[in-house]
Amino acid sequence: MATERTRKHQSRRKNGGNLNGLYLAVSVVLILAVILGGSIVFFKINTVEVEGNVHYTEEEIVNASGVNLGDNLLLTRDATVVARLLTQLPYVSSVTLSHKLPDTLVITVAESDAQAAIYDGSSWWLMDSSGKLLEQVDSGTGGAMDEGASSSGVEPEGEAEEADASEAEAASSGVTPEEETVEMPDPPEGYPYIIGLTLFQPEAGSVIAVDEEGNRSQVLMLESLLNLLPAFRNRGLLDGVVSIDLSSESEIIVNYQNRLTIKLLQDEDYDYKAKLILGVLEDYVDANWEDGDTGTLDMTFSDGNPRLTKN
């Protein structure tokens, strides 16, 4: 009898423990539901603040983020918002999101600056020193191209008339339009300009690329350019660069201040080369040359020593 009473007592204790566990689980679920419901009701986004913007307005950034007033602050997916901004706004280089409880989302952006202009074979693009294309621009200006306008800035109607005249002239001369040589438009003002690369599918927000199945020299030139630009920028030389010519299969030709032609080889330690260039400028050119003097700084010799000659 005692054993049977013990079993019944243990059974009641077990059933009671199960019920307590069930009550506890239900309570936790209810508490979580209340917290979730409260966050949905009380943490709606009523204000979006934008910081660090220069090229884009606050409205443009908010629209590109995809965030709407009334969205839940705590449930907003930061990674999705960041990806939208980086994809849709080429000048934006990084994004940080933060929350000001109870109802404010803060979007802080860092933006790239255009450091150079590059020719894609038909028009000009502004790019930063990392090689990221920022926008396509009219030739001879720093302004973005109007939709429907050509890279030369000619209105479509005028351009069509000129095209008709050119075709008529070509037909009379026996030369087809495809055989005519297209002149390169003037580069945008205020930027070092880069020529000699045939860009592959240029698009705002993408890093410049060339066809890897094409000329191997183009691939090497591109790699060299992407190393040279930040090296010159970090040494304070980029502001003095007028142009960078990558047309050669082995040499890079830099026009510096319309005063010095600098010759460099592909795939060099450009930070070290930039340091040498600074030394030559300070110790020889600036110290001894007169205004109007021009020359060549050849850095392609196998011994690594620069050769400076005055014209």
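Between Tyr119 and Pro187, the closest side-chain pair of non-hydrogen atoms is not below 4.5 Å. Side-chain atoms of Asp103 and Ile45, non-hydrogen and from C-beta on, never get closer than 4.5 Å to each other. A heavy-atom distance below 4.5 Å is found between the side chains of Ile277 and Met299. Between Ile118 and Leu133 the shortest side-chain heavy-atom distance falls below 4.5 Å. Within the 4.5 Å cutoff, no side-chain heavy atoms of Leu308 are placed close to those of Thr296. In this structure, Asn46 and Thr104 have side chains that are not in contact, with every pair of non-hydrogen atoms separated by 4.5 Å or more. Using a 4.5 Å cut-off on side-chain heavy atoms (C-beta onward), Ile244 and Leu229 make contact. At a threshold of 4.5 Å between non-hydrogen side-chain atoms, the residues Leu260 and Leu281 count as touching.
Taking CD of Glu60 as the reference point, atom CG of Leu85 lies at 11.5 Å (rounded to 0.5 Å). The line from CG of Leu246 to CD of Gln218 is 8.0 Å long, rounded to the nearest 0.5 Å. In this structure, CG on Asp113 lies 8.5 Å from CG on Asp128, to the nearest 0.5 angstrom. Distance CZ/Phe232 to CG/Leu237: 5.5 Å, rounded to 0.5 Å.
Connection of Val254 to Leu220 is not established within any shared hydrophobic cluster, with ILVMFWY side chains joined at heavy-atom distances below 4.5 Å, either directly or through further cluster members. In the hydrophobic cluster analysis, where Ile, Leu, Val, Met, Phe, Trp and Tyr join through side-chain heavy atoms closer than 4.5 angstrom, Leu105 is grouped together with Leu101. Two different hydrophobic clusters hold Leu265 and Ile262 under the rule that ILVMFWY side chains link at heavy-atom gaps under 4.5 Å. Residues Val67 and Val106 do not share a hydrophobic cluster, clusters being chains of Ile/Leu/Val/Met/Phe/Trp/Tyr side chains in contact below 4.5 Å. Residues Tyr272 and Phe301 do not share a hydrophobic cluster, defined by chaining ILVMFWY side chains whose heavy atoms lie under 4.5 Å apart.
Put simply, the side chain of Asn234 gets close to the backbone of Pro230: a donor and an acceptor are under 3.5 Å apart. No side-chain donor-acceptor contact under 3.5 Å links Trp125 to the backbone of Ala116. Side chain of Asn68 to backbone of Asp71: no donor-acceptor contact under 3.5 angstrom is found. Side-chain atoms of Asn227 come within 3.5 Å of backbone N or O of Glu223 as a donor-acceptor pair. The backbone N or O of Tyr193 sits nowhere less than 3.5 Å from a side-chain atom of Tyr191 that would complete a donor-acceptor pair. Judged by distance alone, the side chain of Asp78 and the main-chain N or O of Val81 form no donor-acceptor pair under 3.5 Å. For Asp283 (side chain) and Val280 (main-chain N/O), no donor-acceptor pair under 3.5 Å exists by modelled atom type. Between the side chain of Asp293 and the backbone N or O of Trp289 there is no donor-acceptor pair closer than 3.5 Å. Ser224 contributes no side-chain N or O that, together with a main-chain N or O of Gln266, makes up a donor-acceptor pair within less than 3.5 Å.
Side-chain atoms of Glu51 and Thr108 include a donor-acceptor pair closer than 3.5 Å. No hydrogens or angles considered: a donor-acceptor pair under 3.5 Å links the side chains of Asp120 and Ser122. Between Arg84 and Ser65, the side chains place no donor N or O within less than 3.5 Å of an acceptor N or O (distance only, hydrogens not considered).
When every heavy atom of Lys273 is checked against every heavy atom of Gly304, the shortest pair comes out as NZ-O, 3.9 Å. Nearest heavy-atom pair across Asp211 and Val219 is O-CG2, 4.4 Å. Between Gly131 and Leu226, the shortest heavy-atom distance links the atoms CA-CD2, 3.7 Å. Nearest heavy-atom pair across Ile253 and Thr261 is CG2-CG2, 3.7 Å.
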Do any side-chain atoms of residues 194-210 form donor-acceptor pairs under 3.5 angstrom with protein atoms, and if so which ones, sequence neighbours left out?
residue : atom : partner : partner atom : Å
Ser206  : OG   : Glu203  : N            : 3.4
Ser206  : OG   : Glu203  : O            : 2.6

Let me have the donor-acceptor pairs involving side chains of residues 89-100, under 3.5 Å, with sequence neighbours excluded, atom names and distances please.
residue : atom : partner : partner atom : Å
Tyr91   : OH   : Glu135  : OE2          : 2.6
Ser93   : OG   : Ala110  : O            : 3.0
Lys100  : NZ   : Glu49   : OE1          : 3.2

**Item:** Derivation and outcome, salt bridge (Lys or Arg N to Asp or Glu O under 4.0 Å), residues Asp271 and Arg235
**Value:** CA-CA 8 Å; Asp271 184 67; Arg235 293 285 181 176; 3.1 Å; yes

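With respect to the salt-bridge test (charged N to carboxylate O, under 4.0 angstrom), the residues Asp286 and Arg259 qualify. Asp298 has no carboxylate O lying under 4.0 Å from a charged side-chain N of Arg307, or vice versa, which leaves the two without a salt bridge.
Legend: residues meeting side-chain hydrogen bond (donor to acceptor under 3.5 Å, both in side chains) with Ser250, ordered by chain and number and at least two apart, are absent.
In the displayed structure, Lys275 atom NZ is contacted under 6.0 Å by at most 12 heavy atoms of other residues, nucleotides or ligands. Other residues, nucleotides and ligands contribute more than 12 heavy atoms inside 6.0 Å of the CG atom of Asp303.
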